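So the structure is just underneath, and the comments pick up after that.
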Amino acid sequence: MTDDSSTAKPIGPGDHVFLVDGSSYIFRAYHALPPLTRKSDGLPVGAVSGFCNMLWKLLREGLTPEKGDEPTHFAVIFDASGKSFRNDIYDQYKAHRPEPPEDLRPQFGLIRQAVHAFNVACVEMLGFEADDLIATYAKRAREAGAKVTIIASDKDLMQLVGGDVDMFDTMKNKRIGPDEVVEKFGVPPEKVVDVQALAGDSVDNIPGVPGIGVKTAAQLIEEFGDVETLLQNAETIKQKKRRENLIEFAEQARISRKLVELDQNVPVEEGLDDFAVTAVDGAKLVAFLKALEFSTLTRRVAEATEVEGAEVEATEIVVKGWESAAEAAPGEDGAASAPSGGLSTGGKSDFTPKALSEERIDRIASLKTDTSAYEVVREEAALQSWVDDATEQGFVAVDTETTSLDPMVADLVGVSLALAPGRACYVPLQHKAGNGDLLGGGLVEGQIPVQKALEILKPMLEDPAILKIAQNMKYDWLVLARHGATTVSYDDTMLISYALDAGKGGHGMDELSKRWLGHEPIPYKEVAGSGKNAVTFDMVEIERAAAYAAEDADVTLRLWMLLKPRLVAERGTTVYETLERPLVPVLARMERRGVAVDRQMLSRLSGDFAQGMAALEAEIHELAGETFNIASPKQLGEILFDKMSLAGGKKTKTGAWGTGAGVLEELAAQGHDLPQRVLDWRQLSKLKSTYTDALPGYINAETNRVHTSYSLASTTTGRLSSSEPNLQNIPVRTEEGRKIRCAFVAEKGMKLVSADYSQIELRVLAHMAEIPQLTKAFEDGLDIHAMTASEMFGVPIEGMEPSVRRRAKAINFGIIYGISAFGLAAQLGIPRGEAKDYIDKYFERFPGIRDYMEETKKFARANGYVETVFGRRAHYPEINTKNPNMRAFQERAAINAPIQGSAADIIRRAMLRMEEALRHSDLGAEMLLQVHDELIFEVPEGEVDKTIPVITEIMEKAALPAVQLKVPLQVDARAADNWNEAH
DNA sequence: CCTATATCGTA
DNA sequence: GTACGATATAGGA
């Protein structure tokens with residue numbers, strides 16, 4: 001490509017040979033790229049795509065975009081299937097290699113075809129692994145005085161580095177020279193085989209010597225020079241166990257050395273001269289790339305080779321070896337989509353994402369749960385080796401074990417990792433000696449010090465090239481963040497499940513495991529006890545802890561393998577990637593910041609409420625003529641309806657008297673004193689027990705602030721929920737209640753800013769149902785409830801009676817909730833018939849709303865789910881149930897979900913953009929809380945005026961650019977010293 | 001000790 | 001009429 005030298009001259013100094021390790025590239029690309037990148041007819045091409053991009057880049061630019069580094073000779077080397085000479089030495093060599101995944105298999109052939117399309121030499125030889133061929137060619141090139149770059153990252157090739165031979169990892173864009181080899185193995189390249197022989201390798205099933213990892217091996221080789229010398233002097237080793245192992249497993253070490261040492265003298269057929277780079281045949285390459293639908297690369301190649309892309313006809317491609325894959329699991333609806341671009345997919349095969357994902361579900365679910373291979377990692381070298389394997393593989397399931405369910409106080413007890421189904425480990429870090437009672441012992445022996453372990457884990461957690469897979473990552477993210485590591489690049493099986501199956505059940509690990517893997521993980525209770533026998537995880541014996549923890553990581557990995565392809569197959573990727581996953585660190589940071597509460601103010605309020613309650617209690621008992629537990633609905637019902645025989649009592653479904661607020665209010669309206677006193681008492685009791693008494697208990701001893709926990713996956717609609725404590729239900733409606741809000745305060749020198757969406761759900765409804773009057777009203781900034789009343793009852797907005805507006809407001813809320821005459825009647829305290837008249841009247845004025853509601857129900861009945869404007873799905877599997885009451889309930893929920901859910905999506909989008917926007921404007925504001933349509937910030941006093949417009953703008957434009965709402969969003973924001981005044 | 005029910009706080 | 005979580009009581013284990 002560099003020039004058009006057609007006559008090959010013998011290779012020599014000044015030449016630069018590129019040897020690409022094709023086989024290992026395929027596996028890495030497969031795992032590094034999204035699981036289901038495929039052509040329009042379903043042919044999986046993710047790995048091929050990555051490979052073609054790499055080839056093109058290397059041929060054009062060499063290793064760096066600067067000129068002068070281009071290859072003169074280029075070859076891609078593959079493993080040929082079949083056994084190699086290493087199996088003769090050791091029959092277990094690479095014995096544990098799993099079969100390649102189904103959706104990777106067809107890509108092996110395609111990659112070889114790609115090499116030919118690039119006019120590049122393609123080498124493989126039966127009985128020899130790619131690494132040996134690379135070793136042989138590298139040696140020959142070196143001897144001829146040429147430079148060699150091996151395009152690979154495989155540590156087995158590192159023994160070849162040195163002099164004019166180096167390696168280059170294209171995925172990390174990193175050169176591997178002698179220094180990098182030393183970094184990895186602790187010894188220079190020529191000693192790498194000795195270290196590998198001692199340390200062994202679980203992936204290739206190289207046995208090595210037990211108890212010796214890379215670090216120890218490097219020390220020993222440093223000291224003795226090579227394996228043979230070491231083995232002959234093994235008696236001189238001081239450490240008993242190590243000495244014994246070296247003696248006992250000496251032969252195994254010798255075999256291992258033979259296995260890892262590459263053969264540099266393979267009798268290859270093609271010479272280096274055959275690898276001379278020739279000009280790319282633009283038309284041929286474009287035709288191939290076009291057939292695979294790599295549009296960007298096709299265009300680039302067409303431009304660079306001056307080929308008119310549109311005029312080139314796509315190559316006919318036949319893919320071997322996937323008829324068998326298709327037969328193993330035929331697609332549900334049989335017929336594959338029609339082949340396009342001249343690609344034959346083998347006739348009957350169905351390679352749609354749907355079919356492949358279903359196949360994957362079957363495959364993962366049918367794997368047996370083998371927990372026997374779980375490992376307890378007690379040494380740094382062993383942990384490093386797991387981390388290395390994770391780095392190599394590009395993904396790893398991670399789970400932390402801690403002392404608390406609250407991530408803000410949890411201390412790290414251990415970490416588990418899983419690399420493949422059944423291949424998991426537990427790393428105990430801070431298990432304590434369980435002397436049962438007091439004092440407890442110190443740390444149990446045989447654990448890596450936490451700081452050391454974190455030093456090893458941190459680079460992996462912070463490496464964007466390694467995907468960390470967790471179940472409920474927010475928890476682990478926070479724990480790890482508090483221990484100094486910021487996790488990037490992650491997947492969360494809980495959130496994948498939520499994006500796919502909201503409404504179909506919970507998303508906890510045990511539940512998902514049962515549902516998808518048919519496997520019931522060890523219950524936490526069985527490991528750590530429950531009730532008064534419960535102990536923190538650090539008191540659990542290590543072997544028991546390991547069985548539990550490693551299983552969690554294993555199950556998480558399996559769930560990921562099973563669920564992740566469903567995202568593509570079921571169109572969940574966008575929701576997962578834009579609304580769920582990125583919110584994890586945003587919420588984690590909000591939780592970590594917490595909010596300040598005034599402990600004294602709460603304590604004083606508790607006292608006030610207690611006084612009020614005591615006074616009311618005396619009056620109530622006086623009126624009742626006896627003392628009873630006012631907090632007991634059962635006792636209260638008996639007093640009111642049995643003893644006092646008040647009218648209007650209704651039994652609940654359990655046969656007890658109903659004593660809800662509605663009932664008591666009705667009795668109060670009849671002129672009875674006792675029910676009103678009970679209502680007042682209940683209000684104070686609620687405020688005291690739920691808020692003023694409970695909140696101080698949530699103040700974190702270290703931060704002096706309250707840290708709620710947001711759940712991303714517990715509502716059907718997409719809303720967040722808040723717990724421990726729930727800060728989304730802090731009182732606001734009554735005077736007494738608002739006093740509690742006053743206790744939520746800003747730090748000294750700061751203000752609280754509250755910004756809330758005005759009528760966001762009605763606006764979303766106006767958009768989705770396309771209601772002209774509503775849209776107009778919102779555009780004109782009208783009072784929407786007054787406008788509704790005006791439309792319905794024909795009265796002017798000016799001078800409208802408050803009761804009229806109140807009725808319209810109730811109807812508007814009713815509409816959002818899927819309205820029923822029964823519900824509206826209850827809300828307004830009017831007869832059912834009257835409520836029905838209102839509803840009819842409303843639909844007469846806004847027929848579009850009725851249409852929208854009917855359409856939504858129809859859609860839900862047909863599909864079992866409904867969607868928000870951003871594509872989030874809420875499932876209602878029971879919507880076609882026979883029971884009319886239950887069905888009506890499902891229908892109302894299904895009507896409400898797109899409205900509530902779209903609003904939830906909008907505020908999520910705002911939150912996702914908020915931190916960056918504030919930082920970009922150089923503002924110190926921090927987001928503290930979310931209450932469905934409201935965000936609360938803590939803002940430096942002097943920055944309030946600059947901050948409010950930034951917050952408001954982000955929130956008002958949050959739907960853009962994904963959705964252009966037909967209705968403007970309006971945000972009101974205020975600053976004050978406490979939440980009550982800011983709201 | 002654990003779970004279900006009733007009640008009530010929020011959007 | 002939608003969506004949640006916390007609390008206290010009560011009843012079965």
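Naming convention: chains lettered A, B, ... in sequence-line order (proteins, then strands); numbering from 1 in each chain. Owing to the predicted nature of the structure, the values given are computational and were not obtained by experimental measurement.
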TODO: Report yes if at least one side-chain N or O of A:Arg682 is closer than 4.0 Å to OP1 or OP2 of B:dC8; otherwise report no.
DONE: yes
Task: Residues A:Arg887 and A:Glu878 bridged, charged N to O under 4.0 Å - done: no
Task: A:Thr659 side chain to A:Arg682 side chain, donor-acceptor N/O pair below 3.5 angstrom - done: yes
Open item on the list: Just to be sure I understand the rule, does A:Ala810 reach a base, reach only the sugar-phosphate, or reach nothing, if contact means heavy atoms closer than 4.0 Å?
Closed with: base
Task: Touch class at under 4.0 angstrom, heavy-atom based, for A:Gln827 against every strand present - done: base
- [ ] Mind checking A:Ala694 for me? I need base, sugar-phosphate or nothing, with any heavy atom below 4.0 Å counting as a touch.
- [x] sugar-phosphate
TODO: Consider the side chain of A:Thr716, meaning its heavy atoms from C-beta on, and name the nucleotide among C:dG5, C:dC4, B:dA11 that approaches it most closely.
DONE: C:dC4
TODO: Mind telling me whether A:Tyr524 and A:Phe537 have parallel, tilted or perpendicular rings, with 30° and 60° as the class edges?
DONE: parallel
TODO: Using a cut-off of strictly less than 4.0 Å, decide whether A:Ser530 has a side-chain nitrogen or oxygen near OP1 or OP2 of B:dC2.
DONE: yes
TODO: Measure from NZ or CZ of A:Arg604 to the centre of the six-membered ring of A:Phe609, then state whether that distance is under 6.0 Å and the direction lies within 45° of the axis.
DONE: no
Open item on the list: How many whole angstroms separate atom CD of A:Gln890 from atom P of C:dT2?
Closed with: 10 Å
TODO: Could you check whether A:Thr715 gets within reach of a base, just the sugar-phosphate, or nothing at all, counting any heavy atom under 4.0 Å?
DONE: sugar-phosphate
- [ ] For A:Leu687 and C:dG5, give me the distance from atom CG to atom P, rounded to whole Å.
- [x] 20 Å
Open item on the list: Counting the atoms with a prime plus P, OP1 and OP2 as sugar-phosphate, which does A:Ile816 contact under 4.0 Å by heavy atoms, base, sugar-phosphate, or nothing?
Closed with: nothing
Open item on the list: Distance to the ring centre below 6.0 angstrom and angle to the axis at most 45 degrees; does that hold for A:Lys650 and A:Trp657?
Closed with: no
Open item on the list: Using whole Å, what does the distance between atom C1' of nucleotide B:dA11 and atom CG of A:Asn896 come to?
Closed with: 11 Å
TODO: Take nucleotides 8-13 of chain C nucleotide by nucleotide from the 5' end and write B, S or -, depending on whether a protein heavy atom sits under 4.0 Å from the base, only from the sugar-phosphate, or from neither.
DONE: SSSS--
TODO: Give one of base, sugar-phosphate or nothing for A:Ala661, where a contact means two heavy atoms less than 4.0 Å apart.
DONE: sugar-phosphate
Listed pairs under 3.5 Å, donor-acceptor, residues 845-856 of chain A side chains, sequence neighbours left out:
| from | atom 1 | to | atom 2 | distance (Å) |
| --- | --- | --- | --- | --- |
| A:Arg845 | NE | A:Glu791 | O | 3.2 |
| A:Glu854 | OE2 | A:Lys857 | NZ | 3.3 |
| A:Thr856 | OG1 | A:Tyr852 | O | 2.7 |

- [ ] Assess whether one donor atom and one acceptor atom, taken from the side chain of A:Asn726 and the base of C:dG5, lie less than 3.5 Å apart.
- [x] no
- [ ] Using a heavy-atom cut-off of under 4.0 Å over every strand shown, decide if A:Thr659 touches base, sugar-phosphate, or nothing.
- [x] sugar-phosphate
Open item on the list: Between A:Glu891 and A:Arg861, does any side-chain N to carboxylate O distance fall below 4.0 Å?
Closed with: yes
Task: A:Arg733 side chain near B:dA11 phosphate (N/O to OP1/OP2, under 4.0 Å) - done: yes
Open item on the list: Applying a 4.0 Å non-hydrogen cut-off, can you work out what A:Phe889 is touching in the nucleic acid: base, sugar-phosphate, or nothing?
Closed with: sugar-phosphate
Task: Residues A:Arg974, A:Glu981: salt bridge by 4.0 Å N-O rule - done: no
Task: Closest to side chain of A:Lys686, choosing from C:dG5, C:dT2, B:dA6 - done: C:dG5
- [ ] Give A:Gly660 one of three labels, base, sugar-phosphate or nothing, depending on what nucleic acid heavy atoms sit under 4.0 Å from its own.
- [x] sugar-phosphate
Task: NZ/NE/NH1/NH2 to OD/OE distance under 4.0 Å, A:Glu617 and A:Arg677 - done: no
- [ ] Write down the distance between CG (A:Asp756) and C1' (B:dA11), rounded to a whole number of angstrom.
- [x] 11 Å
- [ ] In whole angstrom, give the distance that lies between atom CZ of A:Phe744 and atom P of B:dT10.
- [x] 13 Å
Open item on the list: Just the rounded figure in Å: distance from P of B:dG9 to CG of A:Asp680.
Closed with: 11 Å
Open item on the list: What is the distance, to the nearest angstrom, from the CD1 atom on A:Ile630 to the P atom on B:dT7?
Closed with: 15 Å
Task: Contact under 4.0 Å: A:Arg892 side-chain N or O vs C:dG1 OP1/OP2 - done: no
Task: Among C:dA3, C:dG5, C:dG1, the nucleotide that comes nearest once only the side chain of A:Ala893 is considered - done: C:dA3
